Amino acid sequence: MSEKVRVRFAPSPTGYLHIGGARTALFNWLYAKQSKGIFILRIEDTDRERSTDEYINAIVQGMKWLGLECDEGPFRQTDRFHIYKTYIKKLINEGKAYYCYCSPEELEENRKKAMKLGRALKYSGKCRDLKEPVTGIKPVVRFKMPRKGSTHVEDMVKGSVVFENEQLDDLIMQRSDGTPTYNLTVVVDDVDMGITHVIRGDDHLNNTPRQVQLYNALGYDVPKFAHLPMILGSDKSRLSKRHGATSVMAYCKMGYLPDALVNYLVRLGWSYGDQEVFSKDELIRYFSFDNVGKAAAVFNPEKLLWLNQQYIINSSNESLAERVLPFLMKDGTISEDRQVDMSWLAKAVSTLKERSKTLIEIAVSLRYYIAEDIEFDEKARKKFLNENSRDMLTELKDGMDGMDNFSEEEIEKLFKAIVAKHEVTLGKLAQPVRVALTGGTQSPGIFEVIDVIGKDKTIRRLEKAVNSI
RNA sequence: GGUCCCAUCGUCUAGUGGCCCAGGACGUCGGCCUCUCACGCCGAAAACACGGGUUCGAGUCCCGUUGGGAUCACCA
């Protein structure tokens with residue numbers, strides 16, 4: 001029998017969607033798509049202090065950008081408090097949970113003592129067998145964890161992991177203010193939503209035995225688990241803000257293609273032989289937990305940059321033109337209300353593709369194609385716009401002036417004729433022209449550049465260059 | 001500190017006992033191509049953490065050591 005696969009990504013909205021969360025979402029999504037299952041987004045916002053709607057939106061937006069849209073949800077745990085209540089009541093009635101009146105200060109005291117003695121930092125179980133309620137104190141509800149035996153977790157990536165139950169303590173399921181906590185809500189929701197596979201970061205591995213005991217107490221089957229290794233920063237510590245950009249949307253702003261980021265992320269911890277570049281379809285087809293590594297991976301921005309370039313090269317000119325447009329408007333190269341000739345822009349982009357690693361780089365280069373006026377790089381101007389090139393530039397301008405068929409082919413003929421006459425190599429003319437047209441010494445092939453800029457603007461810039469000598 | 005996880009080039013990884021004096025990719029270095037920069041192509045340096053076993057044979061299995069990570073909240 002094969003029940004339908006149902007997986008979930010369950011972030012807490014206490015921050016934007018970061019790289020690690022995105023990869024967890026991605027693996028869930030891949031597994032769901034591959035199994036023709038359901039991918040659910042569940043917002044774990046039971047910590048009302050730190051959760052905000054803004055972060056919920058940021059997470060949804062980030063997933064949308066990456067193309068990881070959910071089939072069900074987003075669900076919010078704060079909408080489901082009534083459900084958790086009934087489960088808590090049930091466990092209390094069955095003697096599987098109890099009220100605890102210990103104060104936070106008292107617990108902190110015990111933890112310190114345990115730390116000194118080198119013991120597990122574990123709740124003593126003081127209120128476990130209390131017969132009478134303590135008056136005047138709002139109690140928490142704790143789960144009665146078994147004290148003997150061991151709990152086995154079968155994990156799809158880590159294998160079989162065993163925990164001694166005496167290490168587990170009586171976790172709090174309900175705070176003194178009546179709200180439920182993570183370890184309960186995650187189990188109740190996974191049961192209630194019919195989750196078949198729990199795929200999450202391996203920072204949750206230590207929580208898993210507690211949750212397994214909760215499943216047992218509630219009388220439900222445990223789902224399959226897959227605990228993904230962490231993503232580390234360059235110093236091998238957990239990826240954090242001080243490692244630079246960790247928000248998924250930061251990569252959007254930096255001009256990365258979402259598919260490139262997805263491709264990069266999936267290869268962090270997963271592999272398929274020697275293949276590096278995958279289409280989404282290939283990822284869905286090839287993905288398997290058998291090929292997920294167990295060790296944490298260091299996030300490597302250089303490789304992501306390389307992949308992004310690969311994706312840019314392989315994108316169509318039209319889609320790239322479409323994607324680069326917002327960047328052009330943002331930096332003012334194109335005013336927002338201006339009508340844009342998209343087929344011209346696509347042609348311009350085609351010359352820039354293989355020399356750009358990000359959309360921003362394309363946008364920056366596009367400036368010398370689009371802007372009316374360009375500024376010369378001072379060093380370049382001195383080196384190439386001088387007496388040595390003056391005559392050739394003038395001849396080129398005049399030659400173009402009288403040109404009826406302004407094509408790359410004709411332009412090249414003109415160049416060849418001029419350099420032949422002056423008995424110099426092509427570079428001696430191409431570089432000065434490059435500086436005259438783009439302001440700098442690096443650009444696509446000079447004939448392409450002229451073709452994209454067009455006759456009138458090219459002549460105007462040559463004039464200006466000659467006049468500057 | 002207790003518990004749990006992990007360990008192949010700087011980084012991501014291939015490797016599931018003989019095909020491995022360890023393969024690919026990023027990055028680095030050198031070269032080719034060339035109107036510049038790129039792209040592309042060719043080449044180089046670069047790793048099985050250490051120590052014991054098991055086995056005819058170990059990167060691959062077992063144990064230990066070391067190192068890293070995670071977790072131990074009325075956070076998730």
Side-chain angles (χ1 to χ4, degrees), chain A residues 10-14 44-47 49-51 77 100 102-104 107-108 111 114-122 138-142 153 155 157-159 161-164 167-169 171-177 179 181-183 185-186 200-209 227 229-230 232 234 236-238 264 267-277 290-291 293-307 309 313 352-357 365 380 384 412 415 419 425-435 438 440-447:
Chain A
S12 68
T14 52
E44 310 222 322
D45 58 348
T46 55
D47 181 357
E49 298 276 303
R50 299 194 298 151
S51 302
Q77 290 189 320
C100 169
C102 297
S103 68
L107 296 172
E108 186 55 36
R111 264 194 295 276
M115 184 71 101
K116 260 191 195 148
L117 290 168
R119 303 274 292 278
L121 277 46
K122 186 185 149 180
K138 290 233 175 220
V140 300
V141 177
R142 283 183 188 271
V153 175
D155 192 90
V157 352
K158 303 284 183 184
V161 186
V162 182
F163 297 83
E164 294 304 321
Q167 296 293 335
L168 277 25
D169 67 351
L171 60 88
I172 292 173
M173 301 191 301
Q174 187 180 78
R175 301 182 183 95
S176 51
D177 67 2
T179 58
T181 63
Y182 166 73
N183 277 300
T185 58
V186 71
R200 77 229 300 193
D202 73 7
D203 48 336
H204 287 283
L205 188 55
N206 285 315
N207 281 322
T208 309
H227 286 95
M230 302 269 88
L232 274 24
S234 48
K236 301 228 177 189
S237 72
R238 195 175 179 159
Y264 179 72
R267 281 284 288 100
L268 233 40
W270 175 83
S271 62
Y272 185 76
D274 286 339
Q275 191 169 340
E276 294 287 350
V277 182
D290 295 344
N291 299 320
K294 298 178 178 189
V298 173
F299 185 84
N300 179 217
E302 279 85 31
K303 188 160 183 179
L304 170 59
L305 201 56
W306 170 79
L307 251 184
Q309 180 172 35
I313 289 172
L352 264 12
K353 270 161 91 168
E354 58 193 24
R355 55 195 106 238
S356 307
K357 290 182 198 295
S365 299
F384 293 107
E412 186 166 352
F415 266 73
V419 297
T425 53
L426 183 58
K428 288 278 186 283
L429 177 57
Q431 277 305 77
V433 173
R434 197 178 319 274
V435 176
T438 70
T441 55
Q442 304 170 6
S443 84
I446 197 65
F447 310 125

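In this text, all values refer to a predicted model and were calculated from it rather than measured experimentally. Below, each value reflects all heavy atoms present in this structure, side chains not excepted, and no hydrogens, waters or symmetry copies. Chain letters run A, B, ... following the sequence lines, proteins first, then strands; residues in each count from 1.
- Contact annotation: A/Ser271 reaches the phosphate of B/A14 (side-chain N/O to OP1 or OP2, under 4.0 Å).
- Judged by distance alone, with hydrogens and angles left aside, A/Ser443 brings no side-chain donor or acceptor close enough to the base of B/C37 to form a pair under 3.5 Å.
- Distance A/Tyr182 OH to B/A73 C1': 14 Å, rounded to the nearest Å.
- If you check distances only, the side chain of A/Asp45 never reaches the base of B/A76 with a donor-acceptor pair under 3.5 Å.
- Under the rule for a salt bridge (charged side-chain N to carboxylate O under 4.0 Å, His left out), the partners of A/Asp47 that lie at least two apart in sequence or sit in another chain are A/Arg50.
- Here A/His204 lies in heavy-atom contact (under 4.0 Å) with a base.
- An OP1 or OP2 oxygen of B/C5 is reached within less than 4.0 angstrom by no side-chain nitrogen or oxygen of A/Lys294.
- By the salt bridge (charged side-chain N to carboxylate O under 4.0 Å, His left out) test, A/Glu354 pairs with no residue at all, sequence neighbours left out.
- At a threshold of 4.0 angstrom between heavy atoms, the contacts of A/Ile446 include nucleobase atoms, whether or not backbone atoms are also involved.
- Between the CG atom of A/Asp169 and the P atom of B/G2 there is a distance of 17 Å, rounded to whole Å.
- With sequence neighbours excluded, the residues that form a side chain to side chain donor-acceptor pair (under 3.5 Å) with A/Arg267 are A/Glu276.
- Ranking B/C12, B/C5, B/C35 by closeness to the A/Val298 side chain, first place goes to B/C12.
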Can you check each nucleotide of nucleotides 23-29 of chain B against protein heavy atoms at under 4.0 Å and return B for base, S for sugar-phosphate only, - for none, in 5' to 3' order? BBBS---

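- Considering only residues two or more places apart in sequence or on other chains, A/Ser443 meets the side chain to side chain donor-acceptor pair (under 3.5 Å) condition with A/Arg434.
- Listed by chain and number, the residues in a side chain to side chain donor-acceptor pair (under 3.5 Å) with A/Glu302 are A/Asn300 (sequence neighbours excluded).
- Counting any heavy atom pair closer than 4.0 Å across all strands shown, A/Leu352 reaches no nucleic acid atom.
- The side-chain heavy atoms of A/Asn207 and A/Asn183, taken from C-beta on, include a pair separated by under 4.5 Å.
- A/Lys158 is linked by a salt bridge (charged side-chain N to carboxylate O under 4.0 Å, His left out) to A/Asp202, counting only residues two or more places apart in sequence or in another chain.
- No contact: A/Val419 has no heavy atom under 4.0 Å from any strand.
- The CG atom of A/Leu307 sits 13 Å away from the P atom of B/U13 (whole-angstrom rounding).
- Here A/Lys353 does not reach the OP1 or OP2 of B/A38: none of its side-chain N or O atoms lies under 4.0 Å away.
- Across all strands, A/Arg50 comes closer than 4.0 Å to base atoms (heavy-atom distances).
- For the C1' atom pair drawn from B/A45 and B/C50, the interatomic distance equals 25 Å after rounding to whole Å.
- Taking the nucleotide of RNA chain B with the nearest heavy atom to each of A/Val157 and A/Ala10, the more 5' of the two is matched to A/Val157.
- A donor-acceptor contact under 3.5 Å links the side chain of A/Asn206 to the base of B/A70.
- Proximity of A/Arg142 to A/Met173: side-chain heavy atoms (C-beta onward) are nowhere separated by under 4.5 Å.
- Between the NZ atom of A/Lys236 and the P atom of B/A70 there is a distance of 13 Å, rounded to whole Å.
- Among the protein residues, A/Thr46 comes within range of the sugar-phosphate backbone only, with heavy atoms under 4.0 Å from sugar or phosphate atoms but none that close to a base.
- Taking A/Thr185 as the reference, A/Gln77 meet the side chain to side chain donor-acceptor pair (under 3.5 Å) condition, with sequence neighbours excluded.
- Side chains of A/Val435 and A/Thr441 form a contact here, defined as non-hydrogen atoms less than 4.5 Å apart.
- Smallest separation of non-hydrogen atoms from A/Pro229 and A/Gly293: CG-O, 3.2 Å.
- Rounded to the nearest Å, the gap between the C1' atom of B/C5 and that of B/C9 is 24 Å.
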What does the list of N/O pairs under 3.5 Å between the protein and nucleotides 30-32 of chain B look like, with a distance for each?
none

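- In terms of the ring-ring contact (aromatic ring centres under 6.0 Å, His included) criterion, residue partners of A/Tyr182 (sequence neighbours excluded) are, by chain and number, A/His204.
- Across all strands shown, A/Pro444 has heavy atoms under 4.0 Å from base atoms, whether or not it also approaches the sugar-phosphate.
- Below the 3.5 angstrom threshold, one finds a donor paired with an acceptor across the side chain of A/Arg355 and the base of B/C37.
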Polar atom pairs between nucleotides 42-48 of chain B and protein, under 3.5 Å, N or O only, would you list them?
none

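- Residue contacts shown for A/Thr181 are limited to sugar-phosphate atoms, with no base heavy atom under 4.0 Å away.
- Proximity note for A/Gln431 (side chain, C-beta onward) versus B/C5, B/C35, B/C74: the nearest is B/C35.
- In this structure, A/Gln442 and A/Tyr264 both approach RNA chain B, and ranking their closest nucleotides by distance from the 5' end singles out A/Tyr264.
- A/Leu307 places a side-chain heavy atom less than 4.5 Å from the side chain of A/Val277.
- Atom-to-atom, CG of A/Leu205 to P of B/G69 comes out at 17 Å; the value is rounded to the nearest Å.
- In this structure A/Phe299 satisfies the ring-ring contact (aromatic ring centres under 6.0 Å, His included) test together with A/Tyr264, sequence neighbours excluded.
- Nucleic acid contact for A/Gly269: sugar-phosphate only, since backbone atoms but no base atoms lie under 4.0 Å from a heavy atom of the residue.
- Of the listed nucleotides (B/U71, B/A38, B/G69), B/U71 has the atom at the smallest distance from the side chain of A/Asp203.
- Contact of A/Arg434 with B/C35 (side chain to base): a donor-acceptor pair of N or O atoms is detected under 3.5 Å.
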